Amino acid sequence: MLIATWNVNSIRTRLDHVERWLDEFSPDLLCLQETKVDDQFFPKKPFESKGYKVSFYGQKSYNGVALISRHDIQDVRFGFSGELKNDKDIERFNDQKRVISALINEIRVVNLYVPNGSALNSEKYSYKIEWLKCLKRYLKQQALRDEPLCILGDFNIALEARDIHNPERLTGGIMASEAERQALKDVLGERLKDIFRVFEQEKNHWSWWDYRSGAWARDSGWRIDHIYLCEELIKNAKSCVIDKKERAMEKPSDHAPVLVDINWPPEELDDSSTEFNYN
DNA sequence: ATGTCGAAATCGTTTCGA
């Protein structure tokens with residue numbers, strides 16, 4: 001099962017890119033962030049005509065998440081209220097459309113657009129920290145159902161020095177501060193692991209390059225788009241890569257897609273393979 | 001390097017967010 005995440009920075013502006021990309025990779029599931037479109041205007045026809053099911057949770061101008069899936073999209077849950085009914089912060093977070101989750105091919109997929117945070121002294125930064133704490137409560141509720149879990153999206157956080165082009169200068173700042181990193185680690189707990197780091201230990205693998213300051217030309221990137229898997233999925237994962245070439249296209253998103261390939265549902269050993277187990 | 005994008009309103013130039 002091929003699963004991808006991509007912050008497209010407006011689905012309507014990037015529609016041609018996304019369609020071409022789907023033809024190239026033919027993923028089972030593509031999770032989008034920053035669709036920047038109200039649900040009534042989401043362009044679902046182009047995806048349906050390729051055989052994909054579509055589910056989305058968006059708003060005008062900002063935020064917005066979507067699921068583009070070859071499998072049925074079951075038990076769709078929108079926002080934090082998809083899991084939390086009486087949470088103290090539900091009112092506070094419901095107006096920004098950043099969370100969509102569904103059961104797809106028997107995997108609970110949680111597609112996230114984590115708040116950017118703007119700057120350490122900003123109200124948006126404390127919003128980001130509180131939002132991550134709410135996400136932790138959200139996942140605790142989800143865990144009661146004991147589903148295989150994949151959470152992915154734009155996390156707007158680089159967890160380690162090797163995830164930033166210039167850690168000496170940037171560590172401690174926005175997207176690399178201790179409080180953000182700890183809040184994300186608290187969300188992940190012991191249950192979820194970054195599948196990209198299972199396969200790749202080196203630095204210089206980025207998923208986002210700022211449009212400003214010639215960041216792409218200087219390869220000044222960050223790895224802030226992540227795919228986290230539970231142990232059952234980790235042990236069946238075959239690869240995880242960033243499709244960097246997408247950032248080099250004309251009029252690109254500032255983010256590149258990230259893909260994970262999982263042997264799912266797991267192929268079981270057939271009877272013939274046990275015949276040779278004589279001990 | 002507040003140097004570029006995308007979207008919307010204040011409408012074709014400015015603002016906000018990233």
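Chain letters run A, B, ... following the sequence lines, proteins first, then strands; residues in each count from 1. Note that the structure is predicted; figures quoted are calculated from it, not measured. Any value given below was found using the heavy atoms of this structure, including those in side chains, with hydrogens, waters and symmetry copies removed.
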Is the distance from OP1 or OP2 of B:dG6 to the nearest side-chain N or O of A:K251 less than 4.0 Å? yes

If we take the P atom in both B:dT10 and B:dC5, what is their distance in whole Å? 26 Å

Tell me: CG of A:N63 to P of B:dC16, nearest whole Å? 17 Å

Euclidean distance, atom CG of residue A:D154 to atom P of B:dG17 [Å, nearest integer]: 17 Å

Classify A:R98 by what it touches in the nucleic acid, base, sugar-phosphate, or nothing, heavy-atom distance under 4.0 Å. sugar-phosphate

Check the pair A:E34 / A:R14 against salt bridge (charged side-chain N to carboxylate O under 4.0 Å, His left out), numbers first and verdict last. CA-CA 11 Å; A:E34 280 206 88; A:R14 223 66 64 197; over 6 Å; no

Between A:W209 and A:W216, what is the ring plane arrangement, given parallel below 30°, perpendicular above 60°, and tilted in between? perpendicular

For the side chain of A:K60, counting heavy atoms from C-beta on, which of B:dA18, B:dA9, B:dG6 is nearest? B:dA9

Any side-chain N or O of A:T13 less than 4.0 Å from the OP1 or OP2 oxygen of B:dC5? no

Between B:dA18 atom P and A:D225 atom CG, what is the distance in whole Å? 15 Å

Rounded to the nearest Å, what distance is computed from the CH2 atom of residue A:W209 to the C1' atom of nucleotide B:dC5? 16 Å

Roughly, in whole Å, what's the span from OH in A:Y62 to C1' in B:dG17? 6 Å

Taking the C1' atom of each, how far is B:dG6 from B:dG12, in whole Å? 15 Å

Can you tell me how far P in B:dA7 sits from the matching atom in B:dT2, rounded to whole Å? 25 Å

In whole angstrom, give the distance that lies between atom NE2 of A:H255 and atom P of B:dG6. 13 Å

Output the single nucleotide from B:dC5, B:dA7, B:dG17 whose closest atom is nearest the side chain of A:Y211. B:dC5

I need the CD1-C1' distance between A:I174 and B:dA18, as an integer number of Å. 11 Å

Verify the contact: side-chain N or O of A:R12 to OP1 or OP2 of B:dG6, cut-off strictly under 4.0 Å; return yes or no. no

In terms of the nearest nucleotide of DNA chain B, which residue is placed more toward the 5' end: A:P115 or A:S10? A:S10

Can you measure A:N121 atom CG to B:dT2 atom P for me and round it to whole angstrom units? 15 Å

Look only at the side chain of A:E180 and the backbone of A:M175, and say whether a donor-acceptor pair between them is shorter than 3.5 Å. yes

Between A:S61 and A:G117, name the one whose nearest nucleotide on DNA chain B is closer to the 5' end. A:S61

Base, sugar-phosphate, or nothing: which does A:R14 touch, judged by heavy atoms less than 4.0 Å apart? sugar-phosphate

Verify whether one side chain among A:Q96 and A:Q59 offers a donor that lies under 3.5 Å from an acceptor in the other. no

Between A:N236 and A:E232, is there a side-chain donor-acceptor contact under 3.5 Å, judged purely by atom types and distance? no

